[in-house]
Structure formats: structure tokens, C-alpha cells
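What you are looking at is a predicted structure, and each value in this text was computed from that prediction instead of being measured. Labels below follow one simple rule: chain letters A, B, ... track the order of the sequence lines, proteins then strands, and each chain is numbered from 1.
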2 protein chains.
Amino acid sequence: MSIVLSPQQALRLLSDVALDVVRDKGPQGHPDFTMRQLSVLLTIYLERPPHTVRGIAARLGVTKPVVTRALDSLGALELVTRRRDEVDRRNVIVQRTVKGALFVEQLGDLVVDKAKGLAP
Amino acid sequence: MSIVLSPQQALRLLSDVALDVVRDKGPQGHPDFTMRQLSVLLTIYLERPPHTVRGIAARLGVTKPVVTRALDSLGALELVTRRRDEVDRRNVIVQRTVKGALFVEQLGDLVVDKAKGLAP
DNA sequence: GCAGATTATTTCGTAGGCGTATTAAATTCT
DNA sequence: AGAATTTAATACGCCTACGAAATAATCTGC
């Protein structure tokens, strides 16, 4: 229960962040991914591994093909990698990458920075 | 210069918001619009009117067809309306709607709510 | 009044995402 | 071992969005 902000501040923050991402001043690269892709990416980098397609789909409340395709996109940008689970070879383990970690870190910094500049 | 949060908190906040939107527990309806559409929507509701296609495109750093199409989508959801500018009939004035105002308000409340629940 | 500029939209061909159903591989159950 | 389950990926037809270029309407400057 720690961060208090007004609805106006919340919207301003969201808008500022979205604007920077669209303008491609945020983390470099893809200015127009969807909320789903963002959610998949952040799940992988914020939640404790291991991450399977099944698990991510369940967490997001979407079908598995949606996750597979999101991973295709994120993989093409080298923000995540896939590896077969050697213990249960049906599973795919989704792994973080250096590039992805950097991307997420920059995204976090962007939000922090925009929050700092909010009017009261 | 008022809101201070850590990178971890920032990412958690972003992730929580994205997750709720994806799960469609956010503002009712459309779970998967893009950053661009979000940015167009928030520009219209947070910046001072009047809003033209040209102005929005310049602000976002995208081409005008992108804005026209985003307005088509948002218009189909009744989140914005378009009206011809009677003073200079080349211009289109983008206007807010009751439904859009409600949507944006709920989105703000969602962010506030998620921020409240952040660990320190 | 007319040439040129400006605004928004439409068109065109391309790329990517969607949901549902199906497939392929691997594991579990009996 | 063989049937049923589970996992991820793929196929399919549809829809939406993209960028670049063309179009239609309107305004400005001379």
C-alpha cells in the first residue's frame, strides 16, 4: 500500500509513457506492439521462472496460440528465447535475453522518469 | 516533481495494468488495442481541444493515415467522434464522447488502484 | 480567379494478428 | 504396450493495420 497518485496523475503518466513508446523514444525498436505482447513480455521478466506457454496463457486468460504468436514476435526482436524443457519435452521454457532485459529495464526507467515529472 | 517510485514498482504497475486490460477487467470492451490507439485516445482526453488529425499526427510523430485509421477504430467503439471544422472546412475536429470519457476515467481509476497495491 | 499549398481520406499491395480446429510430439494411465 | 491426455505449434479463413501514393475538398497568395 505505498504509491498514492490521483486519477489525473495516473492518466498523465500512462499517456506520457505511451507517447514516448509511440515516438520510439522509449526502449528502442518496436513502437506498436499490443497490450498482449507487452503483458507477455513483462510476465516473463517480472514473474519467477520457469515460464511455459501454457502458464503464460493461463495467467493472461488467453489461448495458447495467442501466446505462441506473441513469443514469435518477441523472439524475432530477440527479446525472449524458447528452449525445450528436457524434463518434460512437451513443454517449452521461455527464457530471458540480454536484449530483453535491457528493453524492460529501459521501460521501467521511462516510467520512473515520467512519474518524477508529474504535476501534483 | 511529485511521484517517486522505483523501477521495480514502475514495471510492476505497468504489468498489472496491462494484465487487467488484457484480461478485460479493465475498461470494458476492447482488450487489445495498440499503443498508438491508446496514445491517440489519451491525447484527445488529456490535451486541450481542439484536436485535428494533423495536430494529433504531429504530436505522436506518425503519419496522418495512421491517425485517421485510429480514429476509425476508436469511433467504431464510440470513444470519439469527428466533426468538420466550420471555420476551416479542411480540418476535422475530434471530439470526446460520454462513452469515451467513462472509459478513460475507468482506466485512470485502474492505474490508481494498481498503484495503491504496490509493494514498497 | 487561379495556381499552389494544405487537410483529411481512400486506395493499393503487404504484413501480421485473431479464433477455431487440427496436427505432432511427448507423457501418463491402466 | 496401447489408449487417452497434455503440450505447443500450425493451418485456415477472416480481419485489421501498415506505409506510400493518389484523391477530393478547401484555403491562401498573387
Rounded to whole angstrom units, what separation is found between the [atom1] atom of [X] and the [atom2] atom of [N]?
X     : N      : atom1 : atom2 : answer
B:M35 : D:dA17 : CE    : P     : 16 Å
A:R69 : C:dG17 : CZ    : P     : 8 Å
A:K64 : C:dC18 : NZ    : P     : 16 Å
B:L60 : D:dG19 : CG    : P     : 12 Å
A:L71 : C:dG16 : CG    : P     : 16 Å
B:I56 : C:dT7  : CD1   : P     : 14 Å

Between [X] and [N], is there a side-chain N or O to OP1/OP2 distance below 4.0 Å?
X     : N      : result
B:R36 : D:dG19 : yes
A:N91 : C:dA26 : no
A:Q37 : C:dG16 : no
A:T63 : C:dC18 : no

Query raised in the report: Any donor-acceptor pair under 3.5 Å linking the side chain of A:T52 with the backbone of A:N91?
Result: no
Requested in this report: Using atom types as modelled and distance alone, determine if a side-chain donor or acceptor of A:Q37 lies under 3.5 Å from a backbone N or O of A:T34.
Outcome: yes
Report task. For B:L46 and A:S15, work out which heavy atoms get closest and say how close. Result -> CD1-CB, 3.5 Å
Query - CZ (A:R59) with more than 12 external heavy atoms under 6.0 Å - result: yes
Which protein N or O atoms sit under 3.5 Å from an N or O of nucleotides 26-29 of chain D?
{"from": "D:dC27", "atom 1": "OP1", "to": "B:R89", "atom 2": "N", "distance (Å)": "3.0"}
{"from": "D:dC27", "atom 1": "O4'", "to": "B:R90", "atom 2": "NE", "distance (Å)": "3.4"}

Query - Toward the 5' end of DNA chain C, by each residue's nearest nucleotide, A:P65 or B:D72 - result: B:D72
Report task. Pick base, sugar-phosphate or nothing for B:R54, based on heavy-atom distances below 4.0 Å to the nucleic acid. Result -> sugar-phosphate
Query raised in the report: Under 4.0 angstrom, heavy atoms only, what part of the nucleic acid is B:V66 near: base, sugar-phosphate, or nothing?
Result: sugar-phosphate
Report summary line: B:V53 has its side chain closest, among D:dT7, C:dT9, D:dA17, to C:dT9
Query raised in the report: Can you tell which of C:dA8, D:dA8, D:dC18 lies closest to the side chain of B:T68?
Result: C:dA8
Query raised in the report: Do A:T68 and A:L71 touch side chain to side chain, with heavy atoms closer than 4.5 Å?
Result: no
Requested in this report: Taking the side chain as every heavy atom from C-beta outward, state whether B:R82 and B:I93 have any atom pair closer than 4.5 Å.
Outcome: no
Requested in this report: May I ask you to say whether B:D109 pairs ionically with B:K114, meaning some side-chain N is under 4.0 Å from a carboxylate O?
Outcome: no
